[in-house]
Amino acid sequence: MARARDTDACPGALQVHEAADGALARVRLPGGMITAAQLATLSALAREKGSGTLELTARGNVQVRGITDVAAVAEAIAAAGLLPSTTHERVRNIVASPLSGRSGGTVDVRPLVGELDAAIRAEPGLAQLGGRFWFSLDDGRADVSGLAADVGAHAQDDGWALLLSGRDTGARLRADEVVGTLIDLASKFAEIRGKAWRVGELDDLGRLMPGVVLGAGFPPVTTPPVGWINQEDGRVALGAAVPLGVLPARVAEFLAAIEAPLVITPWRSVLVCDLDEGIADTALRVLAPLGLVFDENSPWLTVSACTGKPGCAHSAADVRADAARSLDTRDAEAGAHRHFVGCDRACGSPPAGEVLVATGDGYRLKRASNRPLR
């Protein structure tokens, strides 16, 4: 069902959201990829002109809250190379397998991320997409396809499977057809969408892809790769979960100081990549005491939350604090992932697990765990 609103309120780096705690900017990171210098810029902005923290989103993007000088922040983001298009900056939503080309998977999707990003920016009509419309590129390990992006491609033995809302259309593509096909579908959606902002809101998918019959989707993944990850080139990646997706600027500065390629994952975690073993060992010893999580059995991996009070005026509770307190009696074996939200909009809800909505005097279950977790 299409949303009733006509205006896209999804924030970007230029069109900010006026939250209860001040202006909020969202910086798109295609494929979650960000350089150390770029992260250092964002951490400095958060410290000097924001709330002092960065927020990692469920689409591998980064938010700066409580901004006191919107123009200065936008200028700094652009200077860091994080704003290559003023017209398309909110629609560069590309989620890709975070470890692709380094560990696991059947193909390296990183070149496709760059090609797709450039193609999005080159198509004028795609500026009309909503800020929540997104693309996915899965390297065959089935980690991001289960997140149900609007249009996506999934590497398989018989070619690239074309996906709509995370479900198989039955179409198979050659590698050189992937980007063009995704752009064509996104362009068609922009033309026919009416008041729909997402593919799943269309009343008739046949208008987008005639004759399509959607097959099965992919099991959703709700936990990030964490810990010491051996890369296929002999180097190491460190996977660090960020509790509730809130990354203090000081911790971000330590991550940037390693001067290694970084990937923000759609599970609100960070990958520090291409490290020699000695550097990885030293980095792990420094980062773990700062609150980053490298233990795959940590209960922090079983809980998430929206912003809640005081940052969101719609929220009935400080859901992050409540989510953290819930871990006092919970461990990683306790069952379904739980997502705490402050209102029925249920922002940031993962595709599986329980969603708990604040009522003002407790929580009610909005969605039970009804899909298998990985």
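All values below come from the heavy atoms of this structure, side chains included, with hydrogens, waters and symmetry mates left out.
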Can you tell me how far the [atom1] atom of [X] sits from the [atom2] atom of [Y], to the nearest 0.5 Å?
{"X": "L45", "Y": "S51", "atom1": "CG", "atom2": "OG", "result": "11.5 Å"}
{"X": "T57", "Y": "R26", "atom1": "OG1", "atom2": "CZ", "result": "6.0 Å"}
{"X": "I67", "Y": "K49", "atom1": "CD1", "atom2": "NZ", "result": "10.5 Å"}
{"X": "H154", "Y": "L173", "atom1": "NE2", "atom2": "CG", "result": "13.0 Å"}
{"X": "R235", "Y": "D233", "atom1": "CZ", "atom2": "CG", "result": "4.5 Å"}
{"X": "W300", "Y": "L292", "atom1": "CH2", "atom2": "CG", "result": "12.0 Å"}

Are side-chain heavy atoms of [X] and [Y] found at a separation under 4.5 Å?
{"X": "L162", "Y": "L182", "answer": "yes"}
{"X": "Q38", "Y": "T41", "answer": "no"}
{"X": "Q231", "Y": "D274", "answer": "yes"}
{"X": "P310", "Y": "D21", "answer": "no"}
{"X": "L99", "Y": "I229", "answer": "yes"}
{"X": "I34", "Y": "V263", "answer": "no"}
{"X": "L247", "Y": "T53", "answer": "no"}
{"X": "L14", "Y": "T86", "answer": "yes"}

Under 3.5 Å: donor-acceptor pair, side chain of [X], backbone of [Y]:
{"X": "D138", "Y": "D143", "answer": "yes"}
{"X": "S145", "Y": "A142", "answer": "no"}
{"X": "E89", "Y": "G12", "answer": "no"}
{"X": "R28", "Y": "G131", "answer": "yes"}
{"X": "T359", "Y": "G362", "answer": "yes"}
{"X": "R364", "Y": "A358", "answer": "no"}
{"X": "D150", "Y": "R198", "answer": "no"}
{"X": "R367", "Y": "A352", "answer": "yes"}
{"X": "N61", "Y": "Q63", "answer": "no"}
{"X": "R320", "Y": "A305", "answer": "no"}

Inset, instruction - Using the six-membered ring of W134, assess whether NZ or CZ of R132 lies under 6.0 Å from its centre and within 45 degrees of the ring axis. - result: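 No; the conditions do not both hold, so R132 does not lie above the ring face of W134.
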
According to a 4.5 Å side-chain heavy-atom criterion applied to Ile, Leu, Val, Met, Phe, Trp and Tyr, with indirect links allowed, do [X] and [Y] form part of one hydrophobic cluster?
{"X": "L56", "Y": "V303", "result": "no"}
{"X": "L29", "Y": "L271", "result": "no"}
{"X": "I192", "Y": "M209", "result": "yes"}
{"X": "L255", "Y": "L284", "result": "yes"}
{"X": "V16", "Y": "V62", "result": "yes"}

Inset, instruction - Compute whether any side-chain donor of one residue and acceptor of the other, for H337 and T302, lie under 3.5 angstrom apart. - result: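 There is no such pair between these side chains.
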
Legend entry - Between S304 and H339: side-chain donor-acceptor atoms closer than 3.5 Å: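 Checked: S304/H339 side chains pair up, N/O donor to acceptor below 3.5 Å.
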
Would you mind checking if [Y] and [X] are paired as a salt bridge, meaning a charged N to carboxylate O distance below 4.0 Å?
{"X": "D204", "Y": "R207", "result": "no"}
{"X": "D318", "Y": "K309", "result": "no"}
{"X": "D184", "Y": "K188", "result": "no"}

Legend entry - Aromatic plane relationship, F340 with Y363 - under 30° parallel, 30 to 60° tilted, over 60° perpendicular: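 Correct class here is perpendicular.
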
Which heavy atom of [X] sits nearest to which heavy atom of [Y], and what is that distance?
{"X": "S97", "Y": "D139", "result": "OG-N, 3.0 Å"}
{"X": "P243", "Y": "V293", "result": "CG-CG2, 3.9 Å"}
{"X": "L290", "Y": "V251", "result": "O-CG2, 3.8 Å"}

Inset, instruction - Please assess R65 against E55 for the test salt bridge (charged side-chain N to carboxylate O under 4.0 Å, His left out), listing each intermediate value before the final yes or no. - result: CA-CA 8 Å; R65 302 190 69 91; E55 291 183 339; 3.3 Å; yes

Inset, instruction - Among L185, V91, L116, find the residue that satisfies the side chain to side chain contact (heavy atoms under 4.5 Å, CB included) test when tested with F135. - result: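 That would be L116.
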
Legend entry - Verdict with reasoning, D328 to R325, per salt bridge (charged side-chain N to carboxylate O under 4.0 Å, His left out): CA-CA 6 Å; D328 291 342; R325 280 192 290 269; over 6 Å; no

Inset, instruction - Please lay out, stage by stage, how V341 and C347 fare under the test side-chain contact (heavy atoms from CB on, under 4.5 Å). - result: CA-CA 7 Å; V341 296; C347 293; 5.9 Å; no

